[in-house]
Structures are given as structure tokens and as C-alpha cells.
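Proteins get letters first, then strands, A, B, ... in listed order; numbering begins at 1 in each. Since the model is a prediction, treat every value here as computed from it, not as a measurement.
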Protein chains: 2
Amino acid sequence: MRDTRTELLLQAEILVRGRGYSGFSYADLADAVKIRKASIHYHFPTKTDLALALVAAYDARYDVALDAIRAGITDGVARIDAYGRLYLGGVEDDLGCLCAVLAVERGTLPEPVCTGIAAFFDKHIAWLERVLSEGIADGSVRGGILPSPSARMVVATLEGALLLERVLAGSAGFRSTLSALCDSLRSGPAG
Amino acid sequence: MRDTRTELLLQAEILVRGRGYSGFSYADLADAVKIRKASIHYHFPTKTDLALALVAAYDARYDVALDAIRAGITDGVARIDAYGRLYLGGVEDDLGCLCAVLAVERGTLPEPVCTGIAAFFDKHIAWLERVLSEGIADGSVRGGILPSPSARMVVATLEGALLLERVLAGSAGFRSTLSALCDSLRSGPAG
DNA sequence: ACAAATCTACCTACTAAATGGTAGCCAAGA
DNA sequence: TCTTGGCTACCATTTAGTAGGTAGATTTGT
């Protein structure tokens, strides 16, 4: 079976996103996958290896999603809205964003993992900056905003909103934050 | 001396905000405060007791700050801006928000701690909602926004921005996010 | 006033359980 | 036969927490 590794990545992601990187152990993961603890080391010799694989897989999934949004949607604000809805899975499963969770533990994080999550955020910010610039150019995003700070603000708002949902509960909160965010970017009569 | 306890709270807060709740140990704290590990248990019998005291102290500090902002500033957006600048200490010291860090680890968190951080966020959102409503009433905040979702959005944006700074580095990012946020709330010609 | 009792704030020295990780064995499939 | 993917059995270290002691301050009884 090839997919013990995949299963390990799946369950490890759930554990990290729900409890933090230092909040889960190989023993927890072994329980979840129903394999002996030592066998995990066959697939991921060290916990750092596992973390790196987790970030790489997560990042790759977002790459696909970002491309799909750009290809399937043309309106600037609708693209941002679709980007925001990518976080909804986390809200519904009561899991944080993998990279946000890891970012919080930066003080204990192996350096290469830290580099990986920085790249993740940089990539998202660059994507959003482009989407916002294009939106301003075609009039779908209001002209008063600056693409670079606003791109950062979009990521910050969504990451923060996801974080809040974990303690405040009820995805209504996330959705209303997302629409408040989109409203602030839309060109139109309001404002 | 009464302030071993205070020193413990101070150093524990730095450890939690930098490395997460499960990312620090009584041994780390003992090193930082230069007392023996077992002595910490005299002041805080369990790690949960310590976490609760940490949240209570943090929450109390914010209470003072929120009152001071409402007392000293009348303009709605200026109040939000001042609120945002409360996070700057964290940005400069490279520490996350205590409650955000704990929120990430909710899966392993003792339940009473979780209740405490939920109360923290609820309080901030309620405070912001009131500030926004008053701002709309006196014209300092633009009328198009809804106070409740926008209050949530403000907390989310700032928490997210602080989180991002920890991996992206340089407080310029946080400041620009804060001004983008304030711009989106200001009543005026733009939009 | 003064001695006995109690309290404060720390200590050394432990413990059981959990941590990430290693060594070496074994069954099945190419 | 050799690789794959598990296994048992260990390891040193670290974890939160406990037991019990002690020097010094404070309170109390006479």
C-alpha cells in the first residue's frame, strides 16, 4: 500500500492544525493511523521531515486552488471572495490554517520549516497583490486602495478570522468577516 | 518578596507568546526566572493554573488600555488606530498575542483557559462594536459599514497581521496593514 | 518580652509517563 | 534476493508533578 504515507500526512495535518506542532506527538499520530510509533520514522525520519512534508503538501494544494480561481473568475472582488472561501474548510472542521499554527510556534520551529511558511505567505500576498492590481485596472476593485498593503490586509484578516472562529465558534462569524472585507474592497456607491 | 510570582508571570508570558503553550516547559521557565523548577509549583501548582493567571493578567492590562483609549480619544477611526497600535509591542518584541497563541492550541488547552480567551475576544469585539457605532453616529466612521461584522474584522485583521509579522518580519508590514484597515473605515472622499 | 508554633518561599531529590529517535528483526512482493 | 514497510524492544531525555525538608520571617500564647 502506497498510501500509508498519505494517511500519515492527512492525520498529522489534522493533529497539527488542531493542537499545534508541539501539541502532538508521534504516539498520537501512530494512534490515528493505527501503525506503531516506530514505523512513522520509516516514512518521516524526524519530526522536522514530517513538518516540511506537511507544509509542502499544503502549499501545493493552495497553488492549485489559486490557479483555479484566476482561471475561473474574472471579477477582482469575486476572486478575493473565492480566496476567502478556501479557508471555510478549516472553519467547518474546526482546524486552523497549517501555516498560521506553525507561525505561532516560530520560537521552537526548525528553521527550514519557518522558511517554508514564510514562502507560503509571501506567495499568497503576491497573488493577492496581482489580483487587486488587475481589479483596480478593470474597475472591479475600488481605486482608492493600495494593492500591496491591501494584499497583506486580506491575508491577515482571513487568517485572523479563522483563528477567532476556533474559540468563538459558528461559521457565521467567518462569513460575515469575509463579506465585510469584500465590501471594503468593492468599487461602488458605498464609502 | 512578592515579586517572584510577578517575575514568573512575566517570563512565562514571553515564553508562551514566543513558543506556544505546549512549546515551553516548567524547566524553561525555571531557567528564565533562575529558581528551581519545583519552586514554580509553589506559586502555580499546575500548568493550567499558570495559564489561567497569564490570561487574567493579560486581559486586565487590555482593560486598562481600552478604557484609556475611550477616555482620551473621541474620533472613531483614531480610536481604532490606537487600538491597533496596542499590538505594536508584540510586533517589536517578536511575540504573538497571548490569546491568539493559546487559541491555536485549543485542541490541547484546558477548558477553563479556553473560556478565558473566548471572553477576551468577545470583550474586544464588543468594545470595537461600540466604538464603531459611536463613530458612525458622529460621522467619524463611514456609514456604509455594519458595526458587528466590522468589529470582528478589526480584531481578525490585527491578530492576523501580528501573526504574519512573526514570519515575515519588519514592523512596516503591520503598520501598513493597520493604515489600510483604518482607511477602509474612514468616512471621506475615497471609495 | 520571649519562646513556641506557624507560615512563606524556596530547596533537593525523586517519580511515572511521555517525548523523539534507534536497532534490529521479519514477512511479503518484485 | 533484495527492497518495502512494517514490527518489537529498547534508549536517553524531558515532561508535569510530588515528597519532604529547611532557613527565615511572622504570629501567637503566656
request  = Measure from CZ on B:F44 to C1' on D:dA16 and round the result to the nearest Å.
outcome  = 16 Å
task = Would you mind reading off the distance between B:E7 atom CD and C:dA9 atom P, rounded to a whole angstrom?
result = 15 Å
remark   = Among the nucleotides C:dA13, C:dC10, C:dG20, whichever has the atom closest to the side chain of A:K47 is C:dG20
key: Heavy atoms from other residues, nucleotides or ligands near CZ of A:R61 exceed 12 (cutoff 6.0 Å)   = yes
request  = Supply the atom-to-atom distance A:M153 CE to A:L132 CG, rounded to the nearest 0.5 angstrom.
outcome  = 10.0 Å
query = Whole-Å distance between C:dT22 P and A:I40 CD1?
reply = 14 Å
request  = Just say parallel, tilted or perpendicular for the rings of B:Y83 and B:Y87, cut-offs at 30° and 60°.
outcome  = perpendicular
query = Do any side-chain nitrogens or oxygens of A:H43 fall under 4.0 Å of OP1 or OP2 in D:dG6?
reply = yes
task = Check whether any side-chain nitrogen or oxygen of A:T4 sits under 4.0 Å from OP1 or OP2 of D:dG6, and answer yes or no.
result = yes
key: A:S39 vs D:dG5: side-chain N/O to OP1/OP2 distance below 4.0 Å   = no
request  = Compare the minimum distances between each of D:dG17, D:dG6, C:dA9 and the side chain of B:Y42, then state the nucleotide with the smallest one.
outcome  = C:dA9
task = May I ask you to test the B:R70-B:R79 pair for a side-chain heavy-atom distance under 4.5 Å?
result = yes
message = In this structure, how many angstroms lie between the P atom of C:dG20 and the CG atom of A:D49, rounded?
response = 13 Å
query = Counting only non-hydrogen atoms, which of residues 19-36 of chain B are less than 4.0 Å from DNA chain C?
reply = B:I35, B:R36
query = Going through the checks in order, is the side-chain hydrogen bond (donor to acceptor under 3.5 Å, both in side chains) test met by A:E111 and A:T115?
reply = CA-CA 6 Å; A:E111 214 252 70; A:T115 307; 2.9 Å; yes
ask   = Should the ring pair B:F120 and B:H124 be called parallel, tilted or perpendicular, given that the plane angle runs from 0 to 90° and is split at 30 and 60?
value = tilted
ask   = Once you round it to whole Å, what is the distance between P of C:dT19 and CG of A:L15?
value = 11 Å
